[in-house]
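The structure displayed is predicted, hence computed values, not measured ones.
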Amino acid sequence: MSNYLIGDVHGCFDELKALLAKVNFDKEKDTLWLTGDLVSRGLQSLEVLRYARSLGKALRMVLGNHDLHLLAIYARLRKNNPQDHLTALLSAPDVDELIDWLRQQPILQIDNDLKLIMTHAGIHPQWNKKTAQKCAKEIENMLLSDHIPLFLDKSHTETPHLWSPELKGDVRLQFMTNVLTRMRYCFSDGSLDMTHKEVPEKMQGDLYPWFLLPRLLEPEYAIAFGHWSSLKGKGTPNNIYALDTGCCWGNELTLLHWEEKRYVIQPSYKCANAF
């Protein structure tokens with residue numbers, strides 16, 4: 001059995017299938033890990049969701065900010081932007097079933113045997129494993145509750161910036177969601193910067209990639225994440241794996257064979273992208 005980790009697919013279904021063919025992925029014995037943002041930007045979000053759902057127990061995925069955005073569009077809380085290429089998905093006959101399946105997916109994956117953690121954007125430097133699990137569970141419970149429209153409506157905000165275990169209500173959920181699905185940079189005190197997307201080499205002042213700050217997370221655990229395509233999989237410390245390499249922007253889709261620590265890439269098909 002092999003564990004294959006793949007960065008943000010973003011509707012690039014043809015590239016996903018081609019990449020899995022390169023490693024002879026077999027859902028009867030292998031496990032596919034996806035860093036979130038299965039949908040949006042590429043042209044085949046519907047096909048990606050159908051395929052991911054079909055994998056059953058062979059899939060371990062996390063939700064990303066674009067997956068949450070899809071849930072908000074479906075709930076009529078946000079507009080369907082044509083540039084996201086979600087119309088085919090939203091008008092599909094099985095959209096209700098796909099959305100129901102999507103909202104049941106976790107926002108954090110932890111494998112204690114592999115000593116592996118996967119999240120879409122990262123783990124806050126001031127969180128240990130127990131805190132990360134607790135925060136993720138709160139979000140997952142909200143996504144399954146009748147309060148999901150209220151949560152989705154308020155989840156995409158820039159505040160609060162600083163973590164405290166005493167945070168409550170909406171501001172607590174907003175901070176946790178930002179960390180797990182949108183975070184890139186933190187100030188030295190651990191407060192979030194939700195503005196900058198540049199590569200670290202271009203940053204100045206008191207801003208640092210979240211993975212370069214001292215961490216409370218148990219050091220034996222590796223972290224795999226997506227979200228930050230401009231990193232191109234580079235510049236992270238040992239045991240931190242950046243897997244989003246911007247397939248939807250015409251670059252590559254990247255797979256990490258966990259047991260072998262071997263990378264496999266699939267170039268983007270220009271005909272399957274709108275960019």
Side-chain angles (χ1 to χ4, degrees), residues 3-10 31-40 52 59-71 102-144 151 155-156 163 167 172-186 190 192-194 197 208-231 233 235-245 254-256 258:
N3 288 277
Y4 298 113
L5 286 57
I6 294 183
D8 301 20
V9 177
H10 272 303
T31 301
L32 175 63
W33 297 60
L34 297 176
T35 63
D37 279 3
L38 277 66
V39 302
S40 184
L59 174 71
R60 297 188 69 168
M61 63 165 282
V62 294
L63 294 171
N65 55 305
H66 281 269
D67 305 314
L68 295 181
H69 182 61
L70 169 62
L71 295 178
L102 191 65
R103 67 185 286 200
Q104 295 179 55
Q105 301 312 302
I107 207 151
L108 178 74
Q109 290 277 4
I110 298 181
D111 191 306
N112 291 315
D113 293 327
L114 297 177
K115 293 294 186 289
L116 173 62
I117 294 175
M118 176 177 279
T119 179
H120 180 63
I123 299 292
H124 193 268
Q126 296 169 356
W127 289 359
N128 59 18
K129 186 182 72 159
K130 183 177 179 180
T131 300
Q133 287 176 304
K134 177 177 173 57
C135 292
K137 193 64 178 177
E138 291 179 40
I139 298 171
E140 291 162 4
N141 288 341
M142 184 61 68
L143 289 171
L144 291 174
F151 164 69
S155 64
H156 198 279
W163 168 248
L167 288 175
R172 180 179 176 88
L173 285 166
Q174 288 160 359
F175 183 91
M176 297 185 303
T177 305
N178 280 341
V179 166
L180 292 168
T181 68
R182 299 178 61 214
M183 173 179 66
R184 291 186 179 90
Y185 287 102
C186 296
L192 301 181
D193 172 86
M194 302 304 298
K197 301 181 181 180
Y208 304 90
W210 63 266
F211 48 76
L212 291 185
L213 289 175
R215 297 190 298 275
L216 290 181
L217 186 70
E218 293 79 348
E220 66 268 24
Y221 282 85
I223 303 174
F225 71 102
H227 184 57
W228 201 341
S229 62
S230 60
L231 288 177
T236 57
N238 291 337
N239 243 20
I240 306 290
Y241 300 89
L243 296 177
D244 181 10
T245 47
T254 295
L255 175 149
L256 171 63
W258 183 251

Nearest atoms (heavy-atom pairs only) where [X] meets [Y]:
X    : Y    : answer
K115 : E220 : CB-O, 3.4 Å
P237 : L212 : CG-CD2, 3.9 Å
P214 : P125 : O-CB, 3.5 Å
A222 : Y241 : CB-CE1, 4.0 Å
W127 : A132 : CE3-CA, 3.8 Å
L216 : N128 : O-CB, 3.8 Å

Distance in Å, [X] [atom1] paired with [Y] [atom2], rounded so as to fall on 0.5 Å steps:
X    : Y    : atom1 : atom2 : answer
W163 : Q126 : CH2   : CD    : 9.5 Å
L116 : D111 : CG    : CG    : 6.5 Å
W33  : L114 : CH2   : CG    : 6.0 Å
R215 : I240 : CZ    : CD1   : 4.0 Å
H66  : H10  : NE2   : NE2   : 4.5 Å
C135 : E140 : SG    : CD    : 11.0 Å

T35 and side-chain contact (heavy atoms from CB on, under 4.5 Å): which partner among M61, H227, M118?
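Of M61, H227, M118, side-chain contact (heavy atoms from CB on, under 4.5 Å) with T35 is met by M118 alone.
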Could you tell me which residues satisfy side chain to side chain contact (heavy atoms under 4.5 Å, CB included) with A52, sequence neighbours excluded, listed by chain and number?
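Only L38, L59, W101 meet the side chain to side chain contact (heavy atoms under 4.5 Å, CB included) criterion with A52.
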Stepwise side-chain contact (heavy atoms from CB on, under 4.5 Å) test for F151 and L173:
CA-CA 8 Å; F151 164 69; L173 285 166; 4.2 Å; yes
Validation row: [X], [Y] side chains within 4.5 angstrom (heavy atoms):
X    : Y    : value
L192 : H124 : yes
I139 : L108 : no
N178 : M183 : no
V62  : L180 : no
H120 : D8   : yes

According to the interplanar angle, ranging from 0 to 90°, do the rings of F225 and F211 count as parallel (below 30°), tilted (30 to 60°) or perpendicular (above 60°)?
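Aromatic pair F225/F211 classed tilted.
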One pair to check against side-chain contact (heavy atoms from CB on, under 4.5 Å): L102 and L63. What are the steps and the verdict?
CA-CA 8 Å; L102 191 65; L63 294 171; 3.8 Å; yes
Indicate whether any N or O donor in one side chain lies under 3.5 Å from an N or O acceptor in the other, for Y221 and N112.
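Distance-only check passes for Y221 and N112.
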Between D37 and D67, does a side-chain contact (heavy atoms from CB on, under 4.5 Å) hold up when you go through it step by step?
CA-CA 5 Å; D37 279 3; D67 305 314; 4.1 Å; yes
Residues forming a ring pair (Phe, Tyr, Trp, His ring centres under 6.0 Å) with Y208, sequence neighbours excluded
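By the ring pair (Phe, Tyr, Trp, His ring centres under 6.0 Å) rule, Y208 matches no residue at all.
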Output yes when a side-chain donor or acceptor of R60 lies under 3.5 Å from a complementary backbone atom of I110, and no otherwise.
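Checked: pair present.
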Going through the distances and angles, do L68 and L143 end up as a side-chain contact (heavy atoms from CB on, under 4.5 Å)?
CA-CA 9 Å; L68 295 181; L143 289 171; 4.1 Å; yes
Which residues satisfy the salt bridge (charged side-chain N to carboxylate O under 4.0 Å, His left out) test with E138, sequence neighbours excluded?
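Expected list: K134, R172.
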